[in-house]
Every structure is written in C-alpha cells, then in structure tokens.
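Here the structure is a predicted model, which means the values were calculated and not measured. The chain is numbered in sequence order, starting from 1.
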Amino acid sequence: MTRTTPPRRFDSLAAVKASPARANGAKQRVDLEEAFGSNVFSLATMQARLPKPVYKALLQTIEQHTSLDPSVADAVAVAMKDWALERGATHFTHWFQPLTGATAEKHDSFLSPTGDGRAIAEFSGAALVQGEPDASSFPSGGLRATFEARGYTAWDPTSPAFLMESPGGAYLCIPTAFASWTGDALDKKTPLLRSIQALNVQALRALELFGTPARRVRSTVGPEQEFFLIDEEFAYRRPDLLTAKRTLFGAKPPRGQEMDDHYFGAIPERILDCMNDVELELYRLGVPVTTRHNEVAPGQYEMAPIYEDANIAADHQQLMMSTLQRVARRYGLLCLLHEKPFAGVNGSGKHLNWACGTEGQNLLDPGDNPHDNMQFLFFCSAVLRAVYRHQDLLRASIAHAGNDHRLGANEAPPSIISVFLGDQLTDVFEQIEHAGEALSSKDGGLLGLGVDALPNLPRHAGDRNRTSPFAFTGNKFEFRALGSSQSVSFPATVLNTIVAEAIDEMVGDLESRMGGGADLGAALQGLLADEAKDFKPIIFNGDGYSAEWVEEAERPGLLNLRSTMDALPSLVDSKNIELFEKYEVLSHRELESRYEIKVEQYFMTINIEGETAGDMARTMVLPAAVRYLSELLQCADRADEVGIKVKGIETTAAAVADAINRLVEKLAVLDAQNAELGGEEVESKAEHMRANIIPAMAEVREVVDELEDLVPDDLWPVPTYRDMLFVK
C-alpha cells in the first residue's frame, strides 16, 4: 500500500533547521544602561523638554496623584509629540486595558491636512487627555447596550507614555483608563487606581498614629511570568493550540519532567537568543526584567521584573506578555501563556509579589527583631486579617477556566486560601496570642556548608513553602495562585482594597482604645492580641497538597472553592459589594458586570474547547485510526493468502477496532453536549460546560490518547508531546 502522508517525524528536523535563530549571525553588543527606558517618555525626558513650571506640576500629579492642571496638557502634548516624531513615530494611540484581559489600541496619525495640499504634525492637549474609541464591542457585562457605542479613554499621567517599534515604523502609546459615556469603568486600570488611592488614605491614617511622616503610601507589585516556548511549526499543525491555546489531546511522553534536569538548567541557545531579544525590547520600554531561567517542565521558562508601583507594574506585565508572544515568532517559536498547555507536566503561573510602603520604607519589612517592630506587626496583621476575612474574594480574583487545570497540582497551591508565615513570624504571633506580647524573635543563624573555602551563609529564620497560595517571603507577600495568562490588575485591586479595609478598621479600633485612656503601646498590644486569635485559622505552614490539610482546613471553616464556577459567585456577595462601594473602588453595577463577564468568558472558553475537541477527534484522529486498521486488515488478509499466521496483527487490529468503537461512542456524547448549550442564561450555559462538556471531553481524550500509543508515528495527524516539549 502506497503512503501519501509524509513521515511526520521529519517535521522536527525541519523545524530546527529552519529556525530563524540559526540565520541571525552574531549579535551586536548593546549598552544596557543606554538602552533602558530609551523608548519611554520618562521623568528625565520630561524634565529636559518641559518648562520648569509644567514639569513641576506634572511631577506633583505623578508622585502624589494630585489632580492635573488642564493647562499643563498642551505643553506636555507638544513635548511628547516632538519626542515621538524624532524617534520615527507616525501615529499615536490611547493604550488601554478592556475587560478582555488583553490590551487595546486605536491608532491616529499625527498628520493633519492644512487645506492647501500639505499636512502638518499636530497633537493637542485635548487629544492627549481624552480619546473616544468605539466601546460597543468590548465586554461590558450589561453596563451598556451594544448599540451604545461611545466610550472614553482618559490619560493616566502616572504611567509613562512609550514607543512601540516594528520594522515598519513606530507609534506612541499613551496609557489610559477606559470608561463608558455613563462614567462606569470598562477596564482593569481604573479600579486598580481607585484601590491604590484607598490604600494610601487608610495607610496614612495608621502612620500618623505611629508618628511616621509620609506623603504617600504606595502598593508595589512584582509579577513573575511563567510560559512555554514551542516550535511554531507544531502549533500550526495543532488546531487545539490555535483555537483553545492548549492541547486537548496528548499521550504522556516516555520522558517528561521526571529527571528534574530542566529546572534551572542551561537555557538552550535558540531560547536564550529569543529571551535576549525579549529583554532588550522590555529594557527599552522601561520594564525592569532581572530574572530568567528554565522552569520545571521541559519547554517551560520564567522571566520576572523587580518591584514597581502597582499601576506601572500592571502596565509592564501586559507589555511583557505581548512582547514574549511577538518576539517568539521571530525565532519560529510560539509562546504559550495558558496555565496548562500540556497535561501531565507542570503548568504555568504568575506569582504576584505584593507589598506597600512610603517613599523610603517598606511597611512589610520586619527588620532584625520583628517582635519589637510594632509598626510592622500592625501592617502585617492587617494583611492577615484581610486575607482571612476575604479568602473568597481572593480566590474569585484568580478564577478562570485555564487556572482550574492548574490549582492544586504540583506546581500550584491548592484552592484553599491560607497564609505561610514561616517559623519566625508564626512564633511571634503565637507569643502575642498567648501572652499578649512578643518578647523574642527566632534567629536564623548561619548555615555552614562543611567546606572551609565556602562562606557561612546567613540563614533566614523560616523556609519557603511552595504549596502555600499566599506566603510571606521576607518583606512582601507572594500571592502564588494567579494564572500565567491573567492580568495582574484585578488581583492587585482586591489586595489593595481588602488591606485598606483592614487598616481602616484596625485604626478605628486603636483610636477607640486610646479614647478610653490607653496609650498607643497598650492599645496596640491589646489589638494585636485580639487580631492574632481571629486570623489564626488562616496561618498554615505545612504541606498544602496533603489530604490531611483539606480535612484540617474544614474545621475552622476555611473555604475550598475548587473550580471557577464555585468561586465566581463570591464577587457579588453582599459583603464584597459593600467593601468595594465603601472604598469607592467598584460600584455595585461595575462589580456585577465583572461577574457577568467572567462567567461568560468561562462559558466561551469551554465551549471553544468542546467544539475543537470534537472536530479534531472526528476529522483527524478517527480517520488516522481507520487508516491504520485498514492497513492491519489488508496485511492480515495477505498473510492468510500465503498461509502465514500473524497473531500480533490480529491482536493489534482488535485493540484498534475496540478503541475506534469507543471513540465513536464517546464522540457522539460530546457532540450531543456541544449541541446543547445549557439554556438561555449565561450562568446555566457555564454550568452546562462544567457539568457536561468537561467530563465528555475527558472521556474522548482518554480514548484519543490511547490511540496515540497504538497508531504508527507516521500516521498520527498531530505533533506529539515528545516533539513539542523537547524540540528546542
């Protein structure tokens, strides 16, 4: 029998040989200090180009978040335009973050016709401050009807403008908020800015009690980004990767991550070239990327910046994701940001390192003697109080379909929200709980390595815990449950808001105690003792993956919201509505809209996966299996003709035939469930996806993966895990 399908194994060789990285030649050396921020309309650039009064007024807005004088905008616009034109820009855009989770932009030319056949470059203060993109096709969660198209973008002067460059030219990006004609926030930036403001107000109240002078308290964020890089050729041959952003089928390869040799190993040359280019582009955009390494799974990597103001960090995180995806294609690679693109190996997260501080002080830095640092204990207690009270809201903030595949597995914390404090701080709070005060702090001491030539290392007083969803890591809290494809804005918004509430209530308690005659020290001692008893159930330093922890967590009533559809209703719980409205972060309408959008996105994600899985199984896998069965039967017939009995062919044919029959049966169930969308309401549709589509896909996958181990390599219609994870 003549084969018409070329051997698929040659695709791997072709992919490597055709890699653009092999043709680039030697890389030019780059002055990193000169490159950093070169495409940013930075403070230094503004100071050099703006009149002193204008720069001073703008600096006040940037640093203190005061209202901007409208007269400043015209001068800034002229300077920004001149700077952009000098660097080759032809257009400008209001760059914003709609509720899709991605970014959006509408480009407008700097050129304006003069009426005499010529044109001049113009950019006014009005164009800088406000734009008007069509808002009708962005998700609004019912905040506005489809026919209501007007939306406004508003310049955010606290996040610097930047240039995006490509071989075809450059354009100026102006970070903006995005709101409807009615004033409702249609984006992720606006609530984040509101939450930053709320945290600042309450934290300044607390610092005033402690006698700590400060002009502003800011929240800082440092998001780590995990991702996979696979050869682009393979992705084009996988409909699931193109439409669902993850593999819906795939048998476990002979080797995965069992050897643990990929983690922190030498970065492959092609990948390193790609990462170097990503970093260089991010440096030019002012993104302070400092860390890169191989992650646990083969084909998986991580990049991370240092900490920045939460608003700027959120903007930079969006730039990091888009830059990774864009630059990867230059190297014939596809960057996968999905939380679980491959079953059976580690998925990808995005650890959100969060803290708050003044111009020169991190309020979550315990110092050398945490038991004596009452200001630190106050702010740390506020975070613990917030997490305990709003564990449901934190879980909901990271809930989406992709993350459901990851939470609770080896690379991610469980869905139960708990806090790891480490031995030192746990001991301090236990002393406060039992004795009303802490008298000592455990010392980590020095770590001797038993070799005279090696230094004695200072050892932290507590180890880290990778199974904890919310861990104290020295001078910050690490929210480890975020998914790799997720915007950090909403989880940061939640953290800022719940901590603002905790500080507000604790300051009120302190003021009440002091009004009763107690001095600050006595009032604080009593407050911390009460708080330590209340938030004690949320502290857990053990193995978050253990079955014992699930049982233990139930006793004090910790929530175990296992899936997105379990978690999302918390967004519109009455206590959370009151929280966001009290601190003017999200109105009831705005919060309801986000719930609606998240439920709809869950439905659409699983619906696409279900349809794609059915299509691939029907049009790719089933025909390949039938072809192989046909070959086996023809071979068996020819063997009979010459009197040869080949029992192995009969056994294999029977196994393939049985799998084909089961696949047809399971596929019929999936097709029927795909046809039944679950009703008219988005909640019932989403529930149908969880209760029916996901189990039906799992049963189809089980048979497909079984067939992958039976059908010959050259007949199998899609690249395997072996190819995608190990071709670099």
On the 0 to 90° scale, with breaks at 30° and 60°, tag the Phe472-Phe477 ring pair as parallel, tilted or perpendicular.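 Correct class here is perpendicular.
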
Aromatic rings Phe540 and Trp549: how do their planes relate, parallel, tilted or perpendicular, breaks at 30° and 60°?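 If you compare the ring of Phe540 with that of Trp549, the planes turn out parallel.
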
Between atom [atom1] of [X] and atom [atom2] of [Y], what is the distance when rounded to the nearest 0.5 Å?
| X | Y | atom1 | atom2 | answer |
| --- | --- | --- | --- | --- |
| Asp534 | Leu384 | CG | CG | 11.5 Å |
| Arg406 | Ser348 | CZ | OG | 8.0 Å |
| Leu363 | Cys380 | CG | SG | 11.5 Å |
| Leu324 | Met303 | CG | CE | 6.0 Å |
| Asn294 | Gln300 | CG | CD | 9.5 Å |
| Arg480 | Phe470 | CZ | CZ | 12.5 Å |

I'd like to know if the side chain of Asn369 and the backbone of His371 have a donor-acceptor N/O pair within less than 3.5 Å.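 It does not hold such a pair.
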
Quick check against the 3.5 Å criterion: does Asn403 have a side-chain atom that pairs as donor or acceptor with the backbone of Ile398?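 Yes, Asn403 side chain to Ile398 backbone: donor-acceptor pair under 3.5 Å.
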
Verdict with reasoning, Arg194 to Gln197, per side chain to side chain donor-acceptor pair (under 3.5 Å): CA-CA 5 Å; Arg194 293 171 181 169; Gln197 185 169 289; over 6 Å; no

Just wondering, do [Y] and [X] contact through their side chains at under 4.5 Å, heavy atoms?
| X | Y | result |
| --- | --- | --- |
| His400 | Glu339 | yes |
| Leu393 | Leu571 | yes |
| Glu590 | Arg594 | yes |
| Pro370 | Gln424 | yes |
| Phe227 | Gln325 | no |
| Asp504 | Lys582 | yes |
| Val217 | Gln202 | no |
| Pro537 | Tyr388 | yes |

Test: salt bridge (Lys or Arg N to Asp or Glu O under 4.0 Å). Region: residues 301-314. Which pairs qualify, not counting sequence neighbours?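 Found Arg218-Asp309.
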
Residue that, paired with Glu531, satisfies salt bridge (charged side-chain N to carboxylate O under 4.0 Å, His left out) out of Arg389, Lys536, Arg385: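 The single option meeting the salt bridge (charged side-chain N to carboxylate O under 4.0 Å, His left out) with Glu531 is Arg385.
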
Is the closest side-chain donor-acceptor distance between Ser570 and Arg395 under 3.5 Å?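 Side-chain D/A pair, Ser570 to Arg395: absent.
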
Scan side-chain atoms only and decide if Asp404 and Thr564 contain a donor-acceptor pair under the 3.5 Å cut-off.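 There is such a pair between these side chains.
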
Of the non-hydrogen atoms in Asp187 and Pro191, which two are nearest, and what is the gap between them?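 Closest approach of Asp187 to Pro191, heavy atoms only: O-CD, 3.4 Å.
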
Heavy-atom pair of closest approach, residues Leu568 and Tyr595: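 Shortest heavy-atom separation between Leu568 and Tyr595 comes out as O-CD1, 3.5 Å.
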
Going by the side-chain hydrogen bond (donor to acceptor under 3.5 Å, both in side chains) test, name the single residue among Glu63, Glu359, His65 that passes it with Arg216.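 Exactly one option meets the side-chain hydrogen bond (donor to acceptor under 3.5 Å, both in side chains) with Arg216, and it is His65.
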
So does Asp519 have more than 12 non-hydrogen atoms from other groups sitting under 6.0 Å from CG?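 It does: Asp519 CG has more than 12 such atoms within range.
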
Does atom CD of Glu511 have more than 12 heavy-atom neighbours, drawn from other residues, nucleotides or ligands, at distances under 6.0 Å?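 Yes.
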
Would you sort out whether Glu208 and Arg205 count as a salt bridge (charged side-chain N to carboxylate O under 4.0 Å, His left out), showing the intermediate values? CA-CA 5 Å; Glu208 186 176 354; Arg205 286 181 60 208; over 6 Å; no

Show your working on side-chain contact (heavy atoms from CB on, under 4.5 Å) between Asp392 and His390 and close with a plain yes or no. CA-CA 5 Å; Asp392 59 336; His390 295 290; 4.3 Å; yes

Assess the residue pair Ser487 and Gln97 against the criterion (side chain to side chain donor-acceptor pair (under 3.5 Å)); give the C-alpha distance rounded to whole Å, side-chain angles, the decisive distance to 0.1 Å, and a yes or no. CA-CA 9 Å; Ser487 164; Gln97 300 172 38; 4.5 Å; no

Taking Pro305 as the fixed residue, which of Gln225, Met320, His316 is the one that meets the side-chain contact (heavy atoms from CB on, under 4.5 Å) rule?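 That would be Met320.
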
Report the C-alpha distance between Val221 and Phe479 in whole Å, list the side-chain angles of each, state the deciding distance to 0.1 Å, and finish with yes or no for side-chain contact (heavy atoms from CB on, under 4.5 Å). CA-CA 10 Å; Val221 164; Phe479 190 17; over 6 Å; no

